[in-house]
Peer 1: 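Before we start, here is the structure in question, set down as structure tokens.
What you see is a predicted model, and the numbers here were worked out from it, not measured in a lab.
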Amino acid sequence: MKMKYRYILKTKIVSVFFIGMFLTFSSCQDQLEEEFYNPEQQTQPSFEMLFTGALQPTELFRPEYGPGYHQSRAFNRLFGLGTFPYAAYNNVPDNSVTAWTGWSGVTLRETQFNKTYVDFNKNIPVINLMLNSLPEEEKANYEIYVHCINVVKAYMFQRLTDIYDDVPFSEANGAYQNKFWAKYDSQEFIYTSLLDELKEIETALAGTTLNNSLAHEKFKIHDILNNGNVLKWRKFANSMRLRMAMRLSNVDPTKAKAIIGDIIGNNLPVVSEAEDLIGMAEKDYAHVMEWYWPRAMMEMWYNFHAPRFILRDIFGYKGPTTPENQIDPRLYVVFQPNKFGDYVGCDAWGSNQFPNIQADMEALGYSESQINTAKDWNYDDHLDPYFSMYNKMTYYNFDMKYPAFSPSETHLLLAEAAIRYPEVAGSINPVQEYRKAISLSIDWYYEVNRTNKFGVSSTPAIPANISEGSQYPKPGVAVIEAFLSDKTSQFNSLNSHDKIKEIFYQKMAHLNVLNYWEIWSETRRLQKEYGILAPVSPKWVWMERFYYPSSEETTNPDNFAAVASKNDHDTPVWWTGRTKN
């Protein structure tokens, strides 16, 4: 049965619970004016509360328990971020394990799609409509809300279309325009629209200075993402443009160069320094281990063994005798030592997993009994880990701002832009950008680790136990500089092709388990030139995209018919520049 007041793209556009109003769907413009601009009602709180409400949904800027649980249980395994010793997976046929089936696969298939339309986007069309309804003399002071919330719209829809390809966009949450059954727009259209809008927002915000109006004073309070900092919103918008432009490298390099040239040539502000990081901390201490991502990490802890590829091939740690200047300092704060005080990674599933465990542990002098315990996964991952795990003192810092866009990503994007498009990015030194990206990443991880004030008996509490050495002192300046010099020297010696590969691996190291969507997207973008760069298990079937929610075929059949032919896992999305084999 079709339920008009239930379907996510049609009518669940707003329950503007922040101001106690219920809006019906007839006579859109008259209704809007009646509900929001009745002389007996205040106008300002509508903008402010809707704006704050659009920033608050979990899984937008603050990761949530449910999606995090299923992502850790299935999706991270796809590209080598989630692994554990498991003979059963090692012995199945190659290309036989799927991430989109089963309990977690089906849940993942539904979550991002439904949350975007039910939670993330519900207030945004209303804010835009409200601005259009204001008298001209009032619009100027309220435009700031619309510009900034549309940057958030770009952030959420870029992620959504990267996951699914074509999705409802132009008619999404369009009940006010009597668009109850939203059409699917192409990924090309969505990218073009968002990039054009972000450019318009940058231009508008560049000419915006907050004044003493009530609207602007309240904006400073209700902007819970960037604290009313207009420059920071510009940096977010331009950094999104940079990320999306690079995504076009296979399908529209001309447009990519134009956007990158505009940003670099006009010295537009981007997320480039530590204080620019775009992110939001979870302040709900009472429920942080109930409703949010830390609970997912606790329950799925066995999927957080340190990937051997990152530990050895990216961070350069080959064992205790590895020269200090060759070890990435992030090793000690991204990962924690095992029960014996050693750093031992776990390989992806396949024929090499057990032989590598054997070789790595033999090199450390472990007994055959200890090695067999590790292979048999006969230990408690939390209390008695035989492998390095992700570092609890870093990832259980409950005050951490979860990064939506970090300066390290910006500098890695600029490094690749300088290599690919020297005609527009010639003023950028890719080696310097590469070095700064790693330097800022080192600083960020150590700061999150150092400032963690929580423990196993605090409120909230870190799940027991915490391995000795998990809160690792930051190496001295000389040590870090020696590492960076060695690392940049190696990078400088590479050809352009291999430099771009190395930039990808630094993205993987930095973004890691907190920004897995970007790692997956970048793996697919570079696949045309490099193959699959992520350390995937040969046992897992590669995913090019997510299936649409199963309900789409029955609740929105006419529009779904336009995309039904590519509702699968192996049709590449548009910006990959590839076609289905």
Peer 1: Could you check whether the rings of Phe236 and Trp233 sit parallel, tilted or perpendicular, using 30° and 60° as the cut-offs?
Peer 2: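 Tilted: the ring planes of Phe236 and Trp233 meet at 30° to 60°.
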
Peer 1: Asp570 and side-chain contact (heavy atoms from CB on, under 4.5 Å): which partner among Arg545, Met543, Lys580?
Peer 2: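 By the side-chain contact (heavy atoms from CB on, under 4.5 Å) criterion, Asp570 pairs with just one of Arg545, Met543, Lys580: Lys580.
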
Peer 1: Tell me whether Asn250 contacts the main-chain N or O of Thr576 through its side chain, where contact means a donor paired with an acceptor under 3.5 Å.
Peer 2: yes

Peer 1: Is there a side-chain contact between Phe546 and Gln112 (heavy atoms, below 4.5 Å)?
Peer 2: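 Not in contact.
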
Peer 1: Please name the pair of heavy atoms, one in Phe113 and one in Leu160, separated by the smallest distance, quoted to 0.1 Å.
Peer 2: CA-CD1, 3.8 Å

Peer 1: Counting N and O atoms only, with roles assigned by atom type, does the side chain of Asn121 sit under 3.5 Å from a partner on the main chain of Thr116, one being a donor and the other an acceptor?
Peer 2: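 Answer holds: no.
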
Peer 1: Got a donor-acceptor contact below 3.5 angstrom from the His411 side chain to the Ser272 backbone?
Peer 2: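 Indeed, once roles are kept as given, a pair shorter than 3.5 Å links the two residues.
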
Peer 1: With a 4.5 Å cut-off on side-chain heavy atoms, are Ile144 and Leu205 touching?
Peer 2: yes

Peer 1: Please report the interatomic distance CG(Asn492) to NZ(Lys499), rounded to the nearest 0.5 Å.
Peer 2: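 One finds 5.5 Å between CG of Asn492 and NZ of Lys499.
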
Peer 1: Look only at the side chain of Asn556 and the backbone of Ala182, and say whether a donor-acceptor pair between them is shorter than 3.5 Å.
Peer 2: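 The answer is yes, because a donor-acceptor pair under 3.5 Å joins these two groups.
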
Peer 1: Side chain to side chain contact (heavy atoms under 4.5 Å, CB included) for Ile224 and Phe61? Distances and angles first, verdict last.
Peer 2: CA-CA 11 Å; Ile224 60 173; Phe61 293 113; over 6 Å; no

Peer 1: Just jot down the salt bridge (charged side-chain N to carboxylate O under 4.0 Å, His left out) partners of Glu273, sequence neighbours excluded, or say none.
Peer 2: Lys436

Peer 1: Is it the case that atom CD in Glu529 sees more than 12 heavy atoms from other parts of the structure closer than 6.0 Å?
Peer 2: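 Yes, the 6.0 Å shell around CD holds more than 12 heavy atoms from other groups.
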
Peer 1: Would you indicate whether the side-chain heavy atoms of Trp349 and Val97 approach each other to under 4.5 Å?
Peer 2: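 SC-SC contact between Val97 and Trp349 ruled out.
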
Peer 1: Would you mind reporting whether Tyr164 and Val563 have side-chain heavy atoms less than 4.5 Å apart?
Peer 2: no

Peer 1: Under the side-chain hydrogen bond (donor to acceptor under 3.5 Å, both in side chains) rule, what do Trp575 and Asp162 come out as? Steps first, then yes or no, please.
Peer 2: CA-CA 9 Å; Trp575 47 245; Asp162 284 356; 2.8 Å; yes

Peer 1: State, with a plain yes or no, whether a side-chain heavy atom of Lys199 is found less than 4.5 Å away from one of Asp262.
Peer 2: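 In short, these two side chains touch, coming nearer than 4.5 Å.
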
Peer 1: Please report the closest heavy-atom contact between Pro67 and Leu108, naming both atoms and the distance.
Peer 2: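 That would be O-CD2, 4.2 Å.
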
Peer 1: Less than 4.0 Å between a side-chain N and a carboxylate O, is that true for Arg241 and Glu202?
Peer 2: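 No, no charged N to carboxylate O under 4.0 Å.
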
Peer 1: Sort out for me which residue in Ser439, Pro407, Pro403, Ser406 forms a side-chain contact (heavy atoms from CB on, under 4.5 Å) with Trp444.
Peer 2: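 Option passing the side-chain contact (heavy atoms from CB on, under 4.5 Å) with Trp444: Pro403.
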
Peer 1: Does any part of the side chain of Thr555, heavy atoms only, come nearer than 4.5 Å to the side chain of Phe560, both counted from C-beta?
Peer 2: no

Peer 1: So that I can tick it off, tell me whether Glu518 and Lys507 are bridged by a salt bridge, with the cut-off set at under 4.0 angstrom between side-chain N and carboxylate O.
Peer 2: no

Peer 1: Centre-to-centre under 6.0 Å for Phe309 and Tyr505, is that the case here?
Peer 2: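 Yes, the ring centres sit under 6.0 Å apart.
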
Peer 1: May I ask you to check whether over 12 heavy atoms, not counting those of Tyr402, lie within 6.0 Å of atom OH?
Peer 2: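 Counting neighbours around OH of Tyr402, more than 12 heavy atoms of other residues, nucleotides or ligands fall under 6.0 Å, so yes.
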
Peer 1: Should Tyr445 and Asn512 count as side-chain neighbours, where that means a heavy-atom distance under 4.5 Å?
Peer 2: yes

Peer 1: Let's go through Gln353 and Tyr89 carefully: what are the C-alpha distance in whole Å and the side-chain angles of both, what is the deciding distance for side-chain hydrogen bond (donor to acceptor under 3.5 Å, both in side chains) to 0.1 Å, and is it a yes or a no?
Peer 2: CA-CA 10 Å; Gln353 190 186 64; Tyr89 277 155; over 6 Å; no

Peer 1: Step by step, work out the side chain to side chain contact (heavy atoms under 4.5 Å, CB included) result for Arg77 and Asn303.
Peer 2: CA-CA 8 Å; Arg77 300 176 184 179; Asn303 286 287; 2.8 Å; yes

Peer 1: For the atom pair OG (Ser521) and CG (Asn515), what is the distance rounded to the nearest 0.5 Å?
Peer 2: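 Going from OG on Ser521 over to CG on Asn515, the span is 11.0 Å.
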
Peer 1: Verify side chain to side chain contact (heavy atoms under 4.5 Å, CB included) between Gln71 and Met300, making sure each step is shown before the conclusion.
Peer 2: CA-CA 10 Å; Gln71 164 260 322; Met300 286 290 102; over 6 Å; no

Peer 1: Are Phe75 and Trp517 near enough that their ring centres are under 6.0 Å apart?
Peer 2: yes

Peer 1: Testing the basics here: between Ile124 and Ala54, what is the closest heavy-atom pair and its distance to 0.1 Å?
Peer 2: CG1-CB, 4.3 Å

Peer 1: Measuring from atom SG of Cys148 to atom CG of Leu55, what distance do you get when rounded to the nearest 0.5 angstrom?
Peer 2: 9.0 Å

Peer 1: Mind checking the CG-CD spacing from Leu511 to Gln506? Nearest 0.5 Å is all I need.
Peer 2: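 So the CG of Leu511 and the CD of Gln506 are separated by 10.5 Å.
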
Peer 1: Any idea which heavy atoms bring Ser441 and His510 closest together, and the distance?
Peer 2: OG-ND1, 2.7 Å

Peer 1: Quick one: pull up CG in Asn123 and CZ in Phe51 and give me the separation to the nearest 0.5 Å.
Peer 2: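 So the CG of Asn123 and the CZ of Phe51 are separated by 11.0 Å.
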
Peer 1: Under 6.0 Å from the CG atom of Asn581, do we count more than 12 heavy atoms belonging to anything else shown?
Peer 2: no

Peer 1: For the residue pair Asp328 and Ile438, what are the closest heavy atoms and their distance?
Peer 2: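 Answer, listing the atom of Asp328 first, then Ile438: OD2-CG2, 4.5 Å.
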
Peer 1: Given side chains that start at C-beta, do those of Phe157 and Ser193 come closer than 4.5 Å, heavy atoms only?
Peer 2: no

Peer 1: According to salt bridge (charged side-chain N to carboxylate O under 4.0 Å, His left out), who are the partners of Glu110, at least two apart in sequence or on a separate chain?
Peer 2: none

Peer 1: Where does the angle between the aromatic ring planes of Trp103 and His70 fall among parallel (under 30°), tilted (30 to 60°) and perpendicular (over 60°)?
Peer 2: perpendicular

Peer 1: Would Tyr191 and Leu248 count as a side chain to side chain contact (heavy atoms under 4.5 Å, CB included) here? Give the steps.
Peer 2: CA-CA 9 Å; Tyr191 257 68; Leu248 303 180; 3.8 Å; yes

Peer 1: Are the side chain of Gln187 and the backbone of Trp574 linked by a donor-acceptor contact shorter than 3.5 Å?
Peer 2: yes

Peer 1: Show the numbers, then the answer: is there a salt bridge (charged side-chain N to carboxylate O under 4.0 Å, His left out) between Arg525 and Glu416?
Peer 2: CA-CA 13 Å; Arg525 174 176 72 89; Glu416 183 178 349; 2.8 Å; yes

Peer 1: Can you tell me how far apart CZ (Phe169) and NZ (Lys183) are? Round to the nearest 0.5 Å.
Peer 2: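 If we round to the nearest 0.5 Å, Phe169:CZ and Lys183:NZ are 11.0 Å apart.
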
Peer 1: Are Tyr69 and Trp293 close enough that their ring centres sit under 6.0 Å apart?
Peer 2: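 Between Trp293 and Tyr69, which both carry aromatic rings, the centre distance is not below 6.0 Å.
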
Peer 1: Mind listing the closest non-hydrogen atom pair of Ala348 and Thr83 along with its distance?
Peer 2: CA-OG1, 3.7 Å

